[in-house]
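Letters A, B, ... mirror the listed sequences (proteins, then strands); counts begin at 1.
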Amino acid sequence: MSSLQLFNSLTRKKESFAPLNPAHVRLYACGPTVYNYAHIGNARMAVVFDLLTRVLKSLYPKVTYVSNITDVDDKIIASHKATGEPIDVITRKYEKIYNDDMAALGCAAPDIQPRATEHIGEMIAMIEALIERGHAYAADGHVLFNVPSFPAYGGLSGRSRDEQVAGARVEVASYKKDSADFVLWKPSETNEPGWDSPWGRGRPGWHIECSAMSAKHLGLPFDIHGGGADLKFPHHENEIAQSCCASGHEDDLSAFAKVWVHNGFVTVEGEKMSKSLGNFLLAHDLIKDVPGPVLRLALLSAHYRQPLDWSEQVVHQAQKLYDKILRAWDVLKDVAVCEESIPQKDPVLALYDDLNTPKAIGVLNSLLNSIFVTEPQYDLPSLKYILLNTLEILGVELVSPEAVSAESNSEIDALLEERSAAKAAKDFTRADEIRDELVAQGIEIIDTPEGAKWRKISYSHST
RNA sequence: GGCGCGGUGGCAGAGUGGCUAUGCAGCGGAUUGCAAAUCCGUGUACACCGGUUCGACUCCGGUCCGUGCCUCCA
């Protein structure tokens with residue numbers, strides 16, 4: 001069996017992945033806060049961890065992937081106050097949109113997708129455990145985690161307590177014993193969502209939900225914990241603190257999750273996405289113009305730990321690649337499958353090396369070229385097997401490009417007939433007009449020895 | 001200021017102590033009524049300065065530049 005290499009943020013080294021229990025691999029990735037459409041950066045996280053899950057599933061018999069929905073949060077409350085929409089309407093609406101959009105990008109639904117609001121009891125229990133063990137204290141209606149009670153704090157992001165204090169740029173609330181202490185529970189106003197607790201009516205802090213839900217659904221310790229690079233500090237650092245301290249493993253940062261995986265950011269045309277620049281690209285909008293598998297390939301075109309600059313050209317390259325895949329598939333349509341791999345043509349091997357998708361795409365191109373050229377040393381049945389397997393693990397679906405309505409279908413056929421008549425009459429002006437008309441509708445004409453064919457295209461070849 | 005990451009051919013982007021990544025774009029050719037696609041040919045790049053080495057883009061040190069995080073943030 002091939003072994004998977006993964007870069008572990010906790011040790012800052014690439015390591016050979018060894019599951020705690022090879023019969024059941026468990027991973028958790030921090031999911032979205034549902035108060036708005038997911039942007040392309042959220043999509044990258046979803047695609048990266050979907051890919052990791054697919055790779056794991058190709059190697060191990062059982063894999064459980066948990067990714068949460070944060071449906072209680074101050075930004076959600078702010079959205080509620082601004083729009084007047086009930087909280088649960090907002091959260092359910094954007095949860096569904098998120099799942100639909102990610103599905104369009106080829107992301108399988110997580111095996112378990114827990115909602116924070118459905119785990120308040122577990123969070124309260126964990127907070128009580130932290131208080132009992134001397135790691136948390138109630139003050140002024142809040143419950144805070146006491147960072148000095150956990151000397152190992154900062155191990156993931158590599159910062160000492162002193163450094164954080166020096167870098168603090170936020171006014172320290174008066175009820176904190178230490179400036180680094182963070183909120184586990186906070187009081188809610190009557191017009192804010194809240195739950196009864198030993199500390200009065202309130203709601204959980206941001207970090208505790210992931211600690212509570214991962215423990216409940218996966219058990220501790222589990223294999224892999226992931227999320228965006230910006231979550232490393234403070235979110236993941238605080239999760240580690242809560243989970244290790246609540247479970248009595250104050251001296252072992254890996255008592256929570258063994259391997260930490262963080263994906264890099266997406267920039268747009270060289271700039272960070274920000275509301276002030278107005279360059280927030282929403283997955284929801286991109287899907288309208290570009291097929292999901294193309295967007296997915298574009299998101300996988302850079303290594304997951306590197307920054308990815310989203311540009312017209314990145315999308316264009318992905319379009320060309322997807323187009324090539326579809327054409328190769330056409331060539332292989334009637335070829336039988338031979339389950340025999342050819343290592344030098346197998347892109348999946350690159351994925352086993354810390355999800356090296358750019359290299360995998362390079363090998364994929366080489367594979368596709370072999371299919372067109374039919375190099376004598378490789379036979380198509382094997383190449384077909386590798387291609388199928390690769391697309392499955394990459395999560396790139398073969399969407400039939402011919403999918404158009406029957407009505408426009410007959411319209412296209414009529415135009416094609418007219419064109420072939422024009423060609424027969426050497427009226428090439430009219431023939432070219434028809435081509436242009438169809439291209440404008442996203443239909444490409446392909447002249448073959450057997451006559452003209454057509455297919456739906458997702459972009460113009462003139463670009 | 002602290003903790004990180006990165007600087008590869010026009011662009012995107014892997015990788016390696018000595019052997020062509022790959023793709024996009026471009027150019028020439030085959031093919032085509034014209035295209036598209038495909039095929040053939042074409043580009044010798046690794047920020048700068050030292051060091052180690054028989055040999056470094058690849059290892060070490062320094063410099064410059066860019067960039068992320070430092071309690072909203074994928």
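Look at B:U42: its Watson-Crick or wobble partner, with both distances under 3.5 angstrom, is B:G26. The base-pairing partner of B:G1, taking Watson-Crick or G-U wobble contacts with both distances under 3.5 Å, is B:C70. Remark: B:C59 base-pairs with B:G51. Criterion, Watson-Crick or G-U wobble with two distances under 3.5 Å. Pairing for B:G6 goes to B:C65, judged as Watson-Crick or G-U wobble with the two contacts each under 3.5 Å.
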Could you pull out the protein-nucleic contacts involving nucleotides 26-31 of chain B (nitrogen or oxygen on both sides, under 3.5 Å)?
none

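Nucleotides B:G26 and B:C69 are separated by 36 Å at their P atoms, to the nearest Å. One P atom belongs to B:A56, the other to B:G50, and the distance between them is 13 Å to the nearest Å. With both ends at atom C1', the span from B:U38 to B:A45 equals 28 Å, rounded to whole Å. Taking atom P on both nucleotides, B:G6 is separated from B:A47 by 13 Å, rounded to a whole Å. If you take atom C1' in B:U44 and the same atom in B:U20, they sit 10 Å apart, rounded to whole Å. For the P atom pair drawn from B:G18 and B:G2, the interatomic distance equals 36 Å after rounding to whole Å. Going from the C1' atom of B:U8 to that of B:G15 covers 10 Å, rounded to whole Å. Spacing between B:G68 and B:C49 at atom C1', rounded to whole Å, works out to 27 Å.
Between B:A74, B:A14, B:G33, one nucleotide has an atom nearer to the side chain of A:Asn356 than all others, and that is B:A14. Residue A:Phe265 has its side chain nearest to B:A74 when only B:A74, B:U71, B:A14 are considered. Comparing atom distances between the A:Arg12 side chain and each of B:C72, B:G4, B:A12 picks out B:G4 as nearest. Minimum atom distance to the side chain of A:Ala180 is reached by B:U71, of the listed B:U71, B:G6, B:G13. The side chain of A:Lys272 has B:G68 as its nearest neighbour among B:U71, B:G68, B:G23. Comparing B:A37, B:A14, B:C24 by their closest approach to the side chain of A:Gln306 singles out B:A14. Distance from the side chain of A:Gln313 is smallest for B:C11 among the nucleotides B:A74, B:G6, B:C11. Here B:U71 is the nucleotide among B:C69, B:U71, B:C11 with the atom lying nearest to any side-chain atom of A:Phe182. For A:Lys324, the side-chain atoms get nearest to B:U38 when compared with the rest of B:A14, B:C34, B:U38. Counting only heavy atoms from C-beta on, A:Lys320 has its side chain closest to B:C24 among B:C24, B:C73, B:U71.
The side chain of A:His235 contributes no N or O atom lying less than 4.0 Å from OP1 or OP2 of B:C73. OP1 and OP2 of B:U22 both lie 4.0 Å or more from every side-chain N or O belonging to A:Asn369.
Of the N and O atoms on the side chains of A:Tyr137 and A:Asp181, at least one donor lies less than 3.5 Å from an acceptor on the other residue. A:Lys232 and A:Ser9 share no side-chain donor-acceptor pair at under 3.5 Å. One side chain, A:Asn68 or A:Tyr28, offers a donor N or O that lies under 3.5 Å from an acceptor on the other. Using modelled atom types and a 3.5 Å distance limit, the side chains of A:Lys324 and A:Asn365 yield a donor-acceptor pair. Looking at A:Asp354 and A:Tyr304, their side chains do bring a donor and an acceptor atom within 3.5 Å of each other.
In summary, the aromatic rings of A:Phe256 and A:Phe222 are positioned with their centroids under 6.0 Å apart.
At a threshold of 4.0 angstrom between heavy atoms, the contacts of A:Ile446 include nucleobase atoms, whether or not backbone atoms are also involved. Within 4.0 Å of A:Gly264, counting heavy atoms only, lies at least one base atom of the nucleic acid. Here A:Gly41 lies in heavy-atom contact (under 4.0 Å) with a base. If you check every strand for non-hydrogen atoms under 4.0 Å, A:Ile40 touches nothing. Using a 4.0 Å heavy-atom cutoff across all strands shown, A:Lys426 reaches no nucleic acid atom at all.
Look at OH on A:Tyr98: it is 10 Å from P on B:A74, rounded to the nearest Å. In this structure, A:Lys345 atom NZ and B:U22 atom P are separated by 10 Å, rounded to whole Å. The nearest whole Å value for the distance from the CD1 atom in A:Ile361 to the P atom in B:G23 is 12 Å. Protein atom CD of A:Gln317 is 4 Å distant from nucleotide atom C1' of B:C24, rounded to whole Å. For the pair A:Glu271 CD and B:G68 P, the interatomic distance rounds to 10 Å; values are reported in whole Å. Atom CD in A:Glu237 sits about 11 Å away from atom C1' in B:C3, given to the nearest Å. We find that CD of A:Glu269 is positioned 12 Å from C1' of B:C11, with the value rounded to whole Å. Distance, A:Tyr304 OH to B:G68 C1': 16 Å, rounded to whole Å.
One N or O donor and one acceptor, one from the side chain of A:Arg435 and one from the base of B:A35, sit under 3.5 Å apart. Donor-acceptor pairing under 3.5 Å, judged by distance alone, is present between the side chain of A:Asp447 and the base of B:C34. A donor and an acceptor atom never sit less than 3.5 Å apart when one is taken from the side chain of A:Arg305 and the other from the base of B:C5. Judged by atom type and distance alone, A:Arg419 reaches the base of B:G33 through a side-chain donor-acceptor pair under 3.5 Å.
A:Lys384 forms a cation-pi arrangement with A:Trp329, by the criterion of a distance under 6.0 Å to the ring centre and an angle within 45° of the ring axis.
Looking at which nucleotide of RNA chain B each of A:Phe428 and A:Thr267 is closest to, the 5′-most match is held by A:Phe428. Nearest-nucleotide mapping onto RNA chain B: of A:Val266 and A:Ala431, the residue sitting toward the 5' end is A:Ala431.
Put simply, the side chain of A:Leu391 reaches to within 4.5 Å of the side chain of A:Leu387, judged on heavy atoms.
The aromatic rings of A:His207 and A:His235 are tilted relative to each other, their planes meeting at an angle between 30° and 60°.
Exactly one of A:Val363, A:Asp346, A:Val396 qualifies for a side-chain contact (heavy atoms from CB on, under 4.5 Å) with A:Thr390. That residue is A:Asp346.
Under the 3.5 Å distance criterion, the side-chain polar atoms of A:Arg54 are left unmatched by any main-chain donor or acceptor of A:Leu394.
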